[in-house]
*Asks:* 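The structure's right below; bear with me while I get my questions together.
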2 protein chains.
Amino acid sequence: MPEPVASVVPDPGSTAERILDAAEDLFAERGYSATSLGDVADRVGIRSPSLYNHFRNKEALYTAVMERLLDDFSGPIAELRSGPITHDRVLLWLETIVRKHHANPNLARLLQHAALSGGPGTSELVDRFFRPMFDSEHPIEDEPRPLLGDAGLQPWAVMAFNNLVMSYVTMAPMYRDLLGQDPFSQSALDKQLKLVTTLLQAVFDFRTPGERAGDS
Amino acid sequence: MPEPVASVVPDPGSTAERILDAAEDLFAERGYSATSLGDVADRVGIRSPSLYNHFRNKEALYTAVMERLLDDFSGPIAELRSGPITHDRVLLWLETIVRKHHANPNLARLLQHAALSGGPGTSELVDRFFRPMFDSEHPIEDEPRPLLGDAGLQPWAVMAFNNLVMSYVTMAPMYRDLLGQDPFSQSALDKQLKLVTTLLQAVFDFRTPGERAGDS
DNA sequence: GGGGTATACTAATGGCCATTAGTCTAGCCC
DNA sequence: GGGCTAGACTAATGGCCATTAGTATACCCC
């Protein structure tokens with residue numbers, strides 16, 4: 001019996017990768033327990049017992065999906081933490097994650113399912129994706145006074161902007177109806193980018209009214 | 001055979017209401033298809049076939065849960081639409097929905113599940129809960145120029161603030177770990193209220209830098 | 001007290017689910 | 001070519017699920 005792949009990314013185009021692709025979409029849409037291996041197998045074009053040639057069980061498939069997504073999304077926050085936290089670099093981080101979530105909405109959807117319902121490895125998910133945003137010792141560097149006039153609000157603000165980005169994609173199916181256009185089109189991305197960056201600018205400017213920061 | 005209750009709110013303390021309470025929590029946590037009637041019945045303290053004395057089937061139970069939640073949450077937006085859309089009244093609306101979602105996080109969770117996975121009556125849900133926020137003909141009254149410097153962004157901004165409020169409660173389980181405190185405590189509510197109202201203030205002020213609106 | 005109704009129960013059904021066992025085939029190394 | 005292995009398949013398992021049928025009990029109205 002071949003020991004199935006654990007956390008290594010399989011060859012492109014291989015059956016294992018096609019399974020991961022199908023499973024990622026389905027887990028992201030329906031969550032862990034509402035996704036059946038039969039549906040995953042159908043989408044790949046094989047029978048469900050064949051999945052066990054590539055993954056130990058449903059839970060291993062799920063964690064492999066998470067692993068791959070986390071690898072893909074761990075870049076921007078690591079980048080931000082690798083240097084001084086300035087307004088410019090926070091704006092750059094925000095813009096980057098908007099683009100990344102827009103390009104692949106599945107991580108946000110998976111995280112949202114995990115937040116609502118739990119599922120295997122949820123606490124590891126929190127540790128690896130969210131914790132790095134919070135345990136940063138250094139505050140924003142070019143801040144004379146605490147953000148939003150209250151030091152205790154900073155984690156809440158981080159959370160808020162992250163939520164803003166992720167909830168756009170998790171709510172996208174509903175906004176497709178409401179706004180009458182594809183929420184993942186280029187023009188929608190442009191609008192979303194403009195909105196969140198303007199919002200962050202507004203926050204940066206708000207504490208010092210009359211005195212613009214002029215970061216750009 | 002008694003015709004089961006459709007959309008009327010049952011007596012307080014009755015079995016039907018206790019079923020609705022249990023089902024609301026479970027649907028909100030796990031979504032429609034991952035919730036089993038057996039679990040609902042267990043929580044009420046009866047056997048699952050007894051549920052059919054009160055609701056036609058799983059779908060009817062689900063829509064009854066939604067109905068009750070929509071009734072509860074339809075107040076604030078109706079209030080806002082009943083008069084002129086001013087900065088003050090938008091702030092009041094925002095504060096009200098923050099408090100309502102904090103008091104009962106289940107509507108936000110249910111809506112999030114519906115956005116991700118669909119489920120019975122999802123489009124009606126969108127029509128009844130979200131549509132009223134968008135098809136409003138009147139723009140903000142005391143606005144000399146369009147919000148955020150771009151008229152097309154207004155629906156996106158409405159969506160953003162709504163997401164901000166709802167995603168706080170749908171992500172709450174994760175932030176419980178991250179922030180090390182109960183996200184539904186009074187102090188957490190205070191912080192969240194301060195954050196979102198300040199954010200909205202920042203947006204209102206941002207278009208007219210140097211000239212404060214002075215709404216409060 | 002008797003009939004009707006509301007509402008609980010047990011038993012059963014057919015379907016889907018995750019998982020395992022065992023089989024077959026196509027390629028690879030000697 | 002002969003064995004080995006990867007990876008597909010079918011068949012079978014036990015469990016849970018939504019739903020129905022049929023039954024029992026307790027209350028209300030006369």
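Values below: every heavy atom of this structure, side chains too, minus hydrogens, waters and symmetry copies. In what follows, every chain begins at residue 1, and chains take the letters A, B, ... in the order their sequences are listed.
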*Asks:* Please determine if B/E124 and B/R128 form a salt bridge, counting it only when a charged side-chain N lies under 4.0 Å from a carboxylate O.
*Replies:* no
*Asks:* Which nucleotide sits closest to the side chain of B/N53: D/dA8, D/dT19, C/dT7?
*Replies:* C/dT7
*Asks:* Could you tell me the separation between the CG atom of B/L61 and the C1' atom of D/dT19, rounded to a whole number of Å?
*Replies:* 14 Å
*Asks:* According to salt bridge (Lys or Arg N to Asp or Glu O under 4.0 Å), who are the partners of A/R30, at least two apart in sequence or on a separate chain?
*Replies:* A/D39
*Asks:* Quick one: which residue pairs count as a salt bridge (Lys or Arg N to Asp or Glu O under 4.0 Å) with a foot in residues 100-115 of chain B, not counting sequence neighbours?
*Replies:* B/D72-B/K100
*Asks:* Output every pair passing salt bridge (Lys or Arg N to Asp or Glu O under 4.0 Å) with a member in residues 112-121 of chain A, not counting sequence neighbours, ordered by first then second residue.
*Replies:* none
*Asks:* For a quick test of reading the model: is some side-chain N or O of A/H54 closer than 4.0 Å to OP1 or OP2 of D/dA6?
*Replies:* no
*Asks:* Between atom CD1 in A/I46 and atom P in C/dT19, what is the gap in whole Å?
*Replies:* 15 Å
*Asks:* Can you list the residues that meet the side-chain hydrogen bond (donor to acceptor under 3.5 Å, both in side chains) rule with B/D177, with sequence neighbours excluded?
*Replies:* none
*Asks:* Kindly say if A/S50 contacts the phosphate of D/dC9, meaning a side-chain N or O under 4.0 Å from OP1 or OP2.
*Replies:* yes
*Asks:* Identify the pairs formed between an N or O of the protein and an N or O of nucleotides 22-29 of chain D at a distance under 3.5 Å, and give each distance.
*Replies:*
none

*Asks:* Just to confirm, is there a sub-4.0 Å distance from OP1 or OP2 of D/dA8 to any side-chain nitrogen or oxygen of A/R47?
*Replies:* no
*Asks:* Would you kindly give the CG-to-P distance between A/L51 and D/dC9, to the nearest whole Å?
*Replies:* 10 Å
*Asks:* Only counting residues at least two apart or in another chain, list the ones meeting salt bridge (Lys or Arg N to Asp or Glu O under 4.0 Å) with A/R176.
*Replies:* A/D182
*Asks:* Can we call the ring centroids of A/Y175 and A/Y168 under 6.0 Å apart?
*Replies:* no
*Asks:* Polar atoms only, N or O, under 3.5 Å: list the protein pairs with nucleotides 14-18 of chain D and their distances.
*Replies:*
unit_1 : atom_1 : unit_2 : atom_2 : d
D/dC17 : OP1    : B/S36  : OG     : 3.4
D/dA18 : OP1    : B/T35  : O      : 3.2
D/dA18 : OP1    : B/L37  : N      : 3.2
D/dA18 : OP1    : B/K58  : NZ     : 3.2
D/dA18 : OP2    : B/L37  : N      : 2.8

*Asks:* Taking the minimum atom-to-atom distance to the side chain of A/T15, which one of C/dA21, C/dA11, D/dA8 wins?
*Replies:* D/dA8
*Asks:* Expressed in angstrom and rounded to an integer, what is the separation of B/E17 atom CD from C/dT7 atom C1'?
*Replies:* 17 Å
*Asks:* Can you list the residues that meet the salt bridge (Lys or Arg N to Asp or Glu O under 4.0 Å) rule with A/E59, with sequence neighbours excluded?
*Replies:* none
*Asks:* Can you tell me which residue pairs pass the ring-ring contact (aromatic ring centres under 6.0 Å, His included) test with a partner in residues 20-39 of chain A, sequence neighbours excluded?
*Replies:* A/F27-A/Y32, A/F27-A/Y62, A/Y32-A/Y62
